[in-house]
**Student:** 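For reference, the structure I am asking about is given below.
Because the structure is predicted, anything quoted here is derived from the model rather than measured. Throughout, a chain's letter reflects where its sequence line sits, starting with A, and its residues are numbered from 1.
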2 protein chains.
Amino acid sequence: MIASARTIMLVDDHAVVREGYRSMLQKQPGLCVVAEASDGAEAYRLYKETGPDLVIMDLSMPGIGGIEAIRRIRQWDKRAKVLVFTMHQNAAFAVQAIRAGASGYVTKTSPPEALVHAVMDALSGKIAISPDIDHELALSHLAGETAAADLLTAREFEVLRMLLAERTTDEIASALHISPKTVANLHSLIKDKLGVGSDIELVRLALRQGILTQIDLSEP
Amino acid sequence: MIASARTIMLVDDHAVVREGYRSMLQKQPGLCVVAEASDGAEAYRLYKETGPDLVIMDLSMPGIGGIEAIRRIRQWDKRAKVLVFTMHQNAAFAVQAIRAGASGYVTKTSPPEALVHAVMDALSGKIAISPDIDHELALSHLAGETAAADLLTAREFEVLRMLLAERTTDEIASALHISPKTVANLHSLIKDKLGVGSDIELVRLALRQGILTQIDLSEP
DNA sequence: TCAGCGCCGGGAAAATTTCACGAGCGTGGC
DNA sequence: GCCACGCTCGTGAAATTTTCCCGGCGCTGA
């Protein structure tokens with residue numbers, strides 16, 4: 001009763017992590033890893049080439065982030081399924097990822113079965129969210145806290161992420177293929193929406209909300 | 001053989017902490033707490049009024065910070081002895097405090113006897129440094145890492161601290177009694193010295209070096 | 001005494017931030 | 001269909017900030 005194998009693409013900038021995915025997934029019958037990418041741009045290119053049934057995507061990667069990659073892939077193929085698998089135990093990222101078109105969001109701290117389970121859910125059209133993220137979402141909802149992710153549009157959040165990653169206005173502009181002037185406008189708009197007056201407050205807000213974590217500081 | 005009692009002033013913005021100091025110190029014969037202040041400005045004022053033999057000073061306080069307070073006190077009385085007692089287990093702060101004229105630097109995680117011991121050392125003219133800070137200093141020295149504290153002058157470091165505390169240029173200017181223009185000049189100079197191009201990089205550098213900690217984010 | 005350095009700030013050029021405005025474009029309701 | 005709405009992107013000009021260069025002042029060590 002094995003149908004034709006489902007194809008999967010892995011996207012993560014650490015080869016060892018991709019190896020981990022692979023070893024976990026190949027224990028499942030009916031799954032086949034057909035492509036691997038180490039950054040968002042490569043993921044987009046390889047998706048167009050191989051058209052897998054499912055993409056498993058990390059978020060923090062060099063160049064364009066995972067969320068932007070999801071948006072591009074979904075723009076090219078509206079039926080694309082992308083499952084986010086990331087270290088970020090943060091509701092803000094989950095909201096943005098789902099909004100960008102992700103089919104699920106699983107944190108790397110989840111038990112191994114959770115990924116496999118989420119893969120199956122995603123393949124069958126369901127949306128899978130990690131319990132810890134569910135909890136975060138519920139909490140922030142109950143607290144009535146207006147998270148950055150709720151105030152910002154997808155584009156704005158993307159720019160915020162790149163700003164926090166110490167990228168210059170021009171770098172962001174060329175990465176997103178828009179004018180530096182637009183990035184400056186978004187930068188200003190973001191600060192306005194979040195109610196902060198300076199970049200310093202912006203970083204601190206991002207830290208409080210977990211958009212930027214202490215760990216990110218040592219990464220590129 | 002008890003000489004005349006040595007007078008001490010306590011400076012900490014939390015009353016309960018001052019109470020702790022007091023209870024520890026009064027077990028020592030020959031010591032007498034003659035004044036208490038809850039911020040840097042009050043400390044300066046009370047020092048001029050009471051002229052204690054030793055000041056025990058916290059660093060993170062509202063208004064002007066502890067380091068600025070040390071500078072002012074030492075400017076008024078070159079022979080003033082100030083012992084820093086703080087939560088900051090960070091070499092950068094120790095370097096700056098000593099540079100500002102502190103007679104010692106003890107962290108709040110140190111065992112109770114350490115404070116008493118440091119008080120005695122300070123009173124007898126010795127400079128007392130916590131073992132953990134000694135270790136930090138040794139480490140960063142061995143690593144050859146150029147810490148922010150080594151590159152910046154006392155004034156620059158002070159301004160950096162206040163910038164990171166989300167204070168505006170004008171607020172800093174009036175707190176330090178200098179022109180906003182000078183603050184802007186210092187801000188620019190700091191970024192230049194630390195080799196960062198934006199405020200965002202500045203905050204991230206400060207976080208990496210422990211000048212700003214995650215904990216500070218929720219405090220005023 | 002004098003050179004060096006930190007500190008303070010003015011002035012002007014350069015860069016950035018902000019604001020106002022408008023054109024596409026996709027989405028959802030009628 | 002068709003309209004209204006919000007998001008995106010961009011321009012241009014004004015307002016503000018950042019940066020650079022300058023000189024004066026006070027302290028310190030040779």
**Student:** Checking side-chain hydrogen bond (donor to acceptor under 3.5 Å, both in side chains) against H187(B), which of D192(B), D199(B), T182(B), T169(B) comes through?
**Tutor:** D199(B)
**Student:** Calculate the interatomic distance between I200(A) atom CD1 and dT17(D) atom C1'; express it in whole Å.
**Tutor:** 14 Å
**Student:** Kindly compute the distance separating CZ (F157(A)) from CD1 (I67(A)), expressed to the nearest 0.5 Å.
**Tutor:** 5.5 Å
**Student:** For the pair made of CG in L194(B) and P in dT19(D), what is the distance, rounded to whole Å?
**Tutor:** 13 Å
**Student:** Say you draw a straight line from CD1 of I56(A) to CZ of F85(A); how long is it, rounded to the nearest 0.5 Å?
**Tutor:** 8.0 Å
**Student:** Quick one: L152(A) CG to dT8(D) C1', roughly how many Å, whole number?
**Tutor:** 14 Å
**Student:** Output yes when R155(A) and E68(A) qualify as a salt bridge under the 4.0 Å nitrogen-oxygen rule, no when they do not.
**Tutor:** yes
**Student:** OG/S198(A) to CG/L163(B) distance, rounded to the nearest 0.5 angstrom?
**Tutor:** 8.5 Å
**Student:** If you take any heavy atom closer than 4.0 Å to DNA chain D, which residues from residues 181-191 of chain B end up in contact?
**Tutor:** K181(B), N185(B), S188(B), K191(B)
**Student:** Closer to the 5' end of DNA chain D via nearest nucleotide, is it K193(A) or I178(A)?
**Tutor:** K193(A)
**Student:** Please report the interatomic distance CG(L186(A)) to NZ(K181(A)), rounded to the nearest 0.5 Å.
**Tutor:** 12.0 Å
**Student:** Measuring from atom CG of L54(B) to atom CZ of R6(B), what distance do you get when rounded to the nearest 0.5 angstrom?
**Tutor:** 9.5 Å
**Student:** Tell me the interatomic distance from E158(B), atom CD, to dC8(C), atom C1', rounded to whole angstroms.
**Tutor:** 16 Å
**Student:** Let me confirm one number: the OG1-CE distance from T50(B) to M9(B), rounded to the nearest 0.5 Å.
**Tutor:** 5.5 Å
**Student:** Measure from CG on L160(B) to P on dC7(C) and round the result to the nearest Å.
**Tutor:** 14 Å
**Student:** Between dT18(D) atom P and D170(B) atom CG, what is the distance in whole Å?
**Tutor:** 11 Å
**Student:** When the distance from CD of E156(B) to P of dC5(C) is rounded to whole Å, what number comes out?
**Tutor:** 14 Å
**Student:** Does S130(A) reach the main-chain N or O of T107(A) with its side chain, forming a donor-acceptor pair under 3.5 Å?
**Tutor:** yes
**Student:** Within the 4.0 Å limit for protein heavy atoms, which parts of nucleotides 25-30 of chain D are touched? Write it as a string from 5' to 3', B for base, S for sugar-phosphate only, - for none.
**Tutor:** ---S--
**Student:** Could you give the CG-to-C1' distance, from L163(A) to dT16(C), as a whole number of Å?
**Tutor:** 14 Å
